[in-house]
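Within every chain, numbering begins at 1; the chains are lettered A, B, ... in the order of the sequence lines, protein sequences first and strands thereafter.
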There are 2 protein chains.
Amino acid sequence: MKDTEQSIIEAAILIFNEDLSAPLEKVADQAQVTRRTLHRYFKDRKELMDKCQKEIRKACAIAMSNAYNTSENPRERLEAMFYAGLDCGSKNTFLHKLHTLHDHKHQAANEECSEYDDTFELWKGNLQVLLTKGVINQGMTVDWIHNFFQSVVVVFINSQQRGPLSRAEARQLAWFSFSKGIGI
Amino acid sequence: MKDTEQSIIEAAILIFNEDLSAPLEKVADQAQVTRRTLHRYFKDRKELMDKCQKEIRKACAIAMSNAYNTSENPRERLEAMFYAGLDCGSKNTFLHKLHTLHDHKHQAANEECSEYDDTFELWKGNLQVLLTKGVINQGMTVDWIHNFFQSVVVVFINSQQRGPLSRAEARQLAWFSFSKGIGI
DNA sequence: GTAAAATGTCTCAAATGTGTGACATTTTGG
DNA sequence: CCAAAATGTCACACATTTGAGACATTTTAC
């Protein structure tokens, strides 16, 4: 039997990523269940949202960590982690979006923020190494590169949703645009 | 006297860009008026949204058209139009977002879609010229480049909202990431 | 200063979204 | 096939959002 709870979470990530205040009915529709069933798994909107964030952080952190460990070489790590980010797809971008919302106050004290930072700690650390070594174009900042990375993931997702490009072609293009775009 | 209608539209573009289903009260707050006043100018949510789209298309189309006419050279046109896109900021990205929504059916017959296409007709036409001439990296598609362009605008906006980069620095970085990212 | 225009305040009805109980139906696993 | 679990259907109370009327207050233009 398919895991209803999981499919509702995946649906919620898709829907909320496009429309944060979307009615729960939209999420239920996307997950192909009734609103009543959704409420059997999640007490309310907040609980669903929390579970989404937990799921996202878990998936992204694992993928990034695995990619990090595929190599000792910072340059190779960058590429592996980049592809890992692509594979996390909308989970990746949704997490980043929540973190950059206008009314979102960024504080280290804030639990969710520090968890966000943790998620991309390895990624940003590796970026810093490449910056210091001069592999990446001067003038770039870690924040710019990170935002740029997230944006390229969005482009990749869009191209998959309606474009004629195969996944492999899109991955190639994405890496090209990202790596050249940061001056490698 | 300041133009209330216009400031409500600007506020709505900001708010809806982050949260499509945000309550109108948020828009009113952002525009520093009462919800009652908002409703004096706009019959309902749909009318406000339509006015936003109209405003956006007008602003983007004018900016792009002006930039197009600054030069006869496709390569210089590209750069001028890129900066024009940056200057349109969230108007630019919101229009693109609406156009790439999941439940949005893209059809040439659709009036809004064709208007969207019109808005970036010059931009895409110029891209095609550069692609054909081989100035831009092969393998790139006009759609990819256009999505990529929109993404870089988002990075630029984010960097302005909370980053330490000056507008001029951010513009430079943006052009670097974009131009290199498409293989110029 | 004054009249007109614009906006705010208060109020309310309608529409929409939310969460849950009761019970029917379907699906699952043995 | 059968009992249990999961899900759907319907109904309901409640909260929030929406749109507008009536009137007070403020702002604008002259």
* In whole angstroms, how far is the P atom of dG17(C) from the CG atom of Asp19(A)? -> 11 Å
* Dump the intermediate steps for salt bridge (Lys or Arg N to Asp or Glu O under 4.0 Å) on Glu18(B) and Lys97(A), then the final yes or no. => CA-CA 9 Å; Glu18(B) 277 195 351; Lys97(A) 177 180 177 176; over 6 Å; no
* Testing Ile56(B), Thr119(B), Asn147(B) for side chain to side chain contact (heavy atoms under 4.5 Å, CB included) with His96(B), which one passes? -> Asn147(B)
* Give a yes/no answer on whether the side chain of Thr37(B) brings an N or O atom under 4.0 Å of OP1 or OP2 in dT7(C). => no
Pull out every protein N or O sitting under 3.5 Å from an N or O of nucleotides 16-20 of chain D, one pair per line with the distance.
residue, atom, partner, partner atom, Å
dT18(D), OP1, Arg45(B), NH1, 2.8
dT18(D), OP2, Leu24(B), N, 2.9
dG19(D), N7, Arg35(B), NH1, 2.9
dG19(D), O6, Arg35(B), NH2, 3.4
dA20(D), OP2, Lys43(B), O, 3.4

* To do: Determine: side-chain N/O of Tyr41(B) to OP1/OP2 of dA6(C), distance under 4.0 Å, yes or no.
  => no
* Structure fact -> Angle separating the five-pair end axes of the helix from dG1(C)-dC30(D) to dG30(C)-dC1(D), nearest 10°, is 50°
* Check the surroundings of atom CD in Glu72(B): do more than 12 heavy atoms from other residues, nucleotides or ligands lie under 6.0 Å from it? => no
* Side chain to side chain, Thr132(A) and Gln128(A), heavy atoms closer than 4.5 Å -> yes
* Asked: Looking at side-chain heavy atoms only, is the closest gap between Phe149(A) and Leu127(A) below 4.5 Å?
  -> no
* Could you check Arg75(B) against Glu79(B) for salt bridge (Lys or Arg N to Asp or Glu O under 4.0 Å), going step by step and ending with a plain yes or no? => CA-CA 7 Å; Arg75(B) 168 63 182 72; Glu79(B) 187 162 354; 3.3 Å; yes
* **Gap between atoms CZ and P, on Arg40(B) and dT27(D) respectively (whole Å)** => 15 Å
* **N-O pairing of Arg35(A) and Asp29(A) below 4.0 Å** => no
* **CA sep, side-chain torsions, deciding dist, call: Asp50(A), Lys54(A), salt bridge (Lys or Arg N to Asp or Glu O under 4.0 Å)** => CA-CA 6 Å; Asp50(A) 288 347; Lys54(A) 200 173 173 183; over 6 Å; no
* Atom CG of Asp3(B) to atom C1' of dT28(D): distance rounded to whole Å? -> 14 Å
